[in-house]
Protein chains: 2
Amino acid sequence: MSLRNAVMAALLDGESSGYDLAKAFDASVANFWICTPQQLYRELDRMEADGLISARTVEQERRPNKRLFSLTERGREELTGFTSGPHKPTAIRDELLVAVLAADRGDVEGVLASIRERKQWAEAKVARYERLRAKLLDGRSEEDFLATAERVGPYLTLLRGLSFERDNVRWCARSLTVLERRGARLDAPG
Amino acid sequence: MSLRNAVMAALLDGESSGYDLAKAFDASVANFWICTPQQLYRELDRMEADGLISARTVEQERRPNKRLFSLTERGREELTGFTSGPHKPTAIRDELLVAVLAADRGDVEGVLASIRERKQWAEAKVARYERLRAKLLDGRSEEDFLATAERVGPYLTLLRGLSFERDNVRWCARSLTVLERRGARLDAPG
DNA sequence: CTCACATACTCAACTTGTTGACTAGGTCGA
DNA sequence: TCGACCTAGTCAACAAGTTGAGTATGTGAG
């Protein structure tokens, strides 16, 4: 049920269409919760049926109509209830790690290529999160921001996404070193 | 389909029963892929039907019979094919982060309690991974291990799990500081 | 003038993952 | 000898997540 809660958390910033939510998810919530647009639309329908959000249709010229969703009082209550916990711990669930686990008995070169690709991807993510962070801080020091901002939740979750990707970069680099050195030794043993 | 591949990777160590796999998953693969026993048994049945693994039933006295699964040649090929990639990147998917995102408009005390609990949980995980690491190294230095071990995949994935949980601990500590300080200020503003 | 891309969705089918209950004997401590 | 936990699973139902296609219009680049 956490997609529901993630959507409600995203709607704390104000009303939004499904389409915009999908993009917003991509830009901020995606640090820690990803979903496809289809999943979103389906969930939004259910949430409306459950009275957690309400929709108003906005007619547009030269564009398809859109439905703007906003949190209802019930939605706010549900969300507060959710924040009270408890929350199950999670683990990383990553195909690449499965591949690395099996690398010694698989296609080592292929795994190396995948790690290199992932490293680049993670570096791009880090850069992106850094930009988002700068945007949130908006010139203020972190200390200043934390003291004055209305909400710190989005900042804290951004930090988690940031350090996760930094960690990915470090681990990729380390694994590359280990697997490359090993490959070299296996090619020319002794 | 990654559960399949995770199972095959686990079977690289030799044949195992569903029950033992469930425990092994809990002990090592769980760093990066979790699943319930039910999911495992279902997947094992399908994999057998698909010819990726073969089973032999072992009759036991004083214990229920068990079925030992081992990789077939086809399974090995599939796994090697999988290691060649590509592998989709993942994001953290964590309820606690959803709660932190909404913390400012929710039950801050509840969120703080959840973070404290998570921190302890992550610290326990770190301790456990450290023990697993010491066991893998078995007295050797890391350098020595990486040079001589038959497989390094399990070690590299363990490192990833370890640094993930360390990162969790750090982030929890940081978030607690921020949210507690903030709570104190809101209680006694000015 | 065409082609790709953006807006703003809907529908359907499928695969994965979760939850809870059930079977049935064995072991171990208080 | 009672209750809790271990071994080694099975079955069913449901919730969540993925994939691919389809609809309809508008804008901007080459």
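Protein chains get the first letters and strands the later ones, always in sequence-line order, with residue 1 at the start of each.
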Next item on the list: Under 4.0 Å from any heavy atom of chain B: name the first and the last nucleotide of DNA chain D that qualifies, 5' to 3'.
Entry: D:dC6 to D:dT19
Next item on the list: Please determine if a side-chain N or O atom of A:S17 lies less than 4.0 Å away from the OP1 or OP2 oxygen of C:dC9.
Entry: yes
Item checked: Gap between atoms CG and P, on A:L3 and C:dG17 respectively (whole Å) -> 17 Å
Notebook entry, point to check: Is the shortest heavy-atom distance from the side chain of B:P154 to the side chain of B:D13 under 4.5 Å?
Noted result: no
Check: Taking atom CG of B:L52 and atom CD of B:E78, what is their separation to the nearest 0.5 Å?
Finding: 5.5 Å
Notebook entry, point to check: Whole Å only: how far is the CZ atom of B:R4 from the C1' atom of C:dG17?
Noted result: 15 Å
Next item on the list: Strictly below 4.0 Å, heavy-atom distances to any atom of DNA chain D: list the hits from residues 35-59 of chain A, or just say none.
Entry: A:T36, A:Q38, A:Q39, A:R42
Next item on the list: Check whether any side-chain heavy atom of A:S114 sits under 4.5 Å from a side-chain heavy atom of B:P86, and report yes or no.
Entry: no
Notebook entry, point to check: A:Y19 side chain N/O closer than 4.0 Å to the phosphate oxygens (OP1, OP2) of C:dC9?
Noted result: no
Notebook entry, point to check: Has A:E117 got more than 12 heavy atoms of other residues, nucleotides or ligands less than 6.0 Å from its CD?
Noted result: no
Notebook entry, point to check: How many Å lie between CZ on A:R93 and C1' on C:dT18, as a whole number?
Noted result: 10 Å
Next item on the list: Return the set of residues passing ring pair (Phe, Tyr, Trp, His ring centres under 6.0 Å) with B:Y155 (not counting sequence neighbours), or none when no residue passes.
Entry: B:F145
Next item on the list: Kindly work out whether a path of hydrophobic side-chain contacts (I/L/V/M/F/W/Y, heavy atoms less than 4.5 Å apart) joins A:V178 to A:L112.
Entry: yes
Note to self: Check this for me, if you would: do B:D167 and A:R160 make a salt bridge, where the nitrogen-to-carboxylate-oxygen distance has to be below 4.0 angstrom?
What the structure shows: yes
Check: Taking side chain as C-beta onward, heavy atoms only, is B:M8 less than 4.5 Å from A:V98?
Finding: no
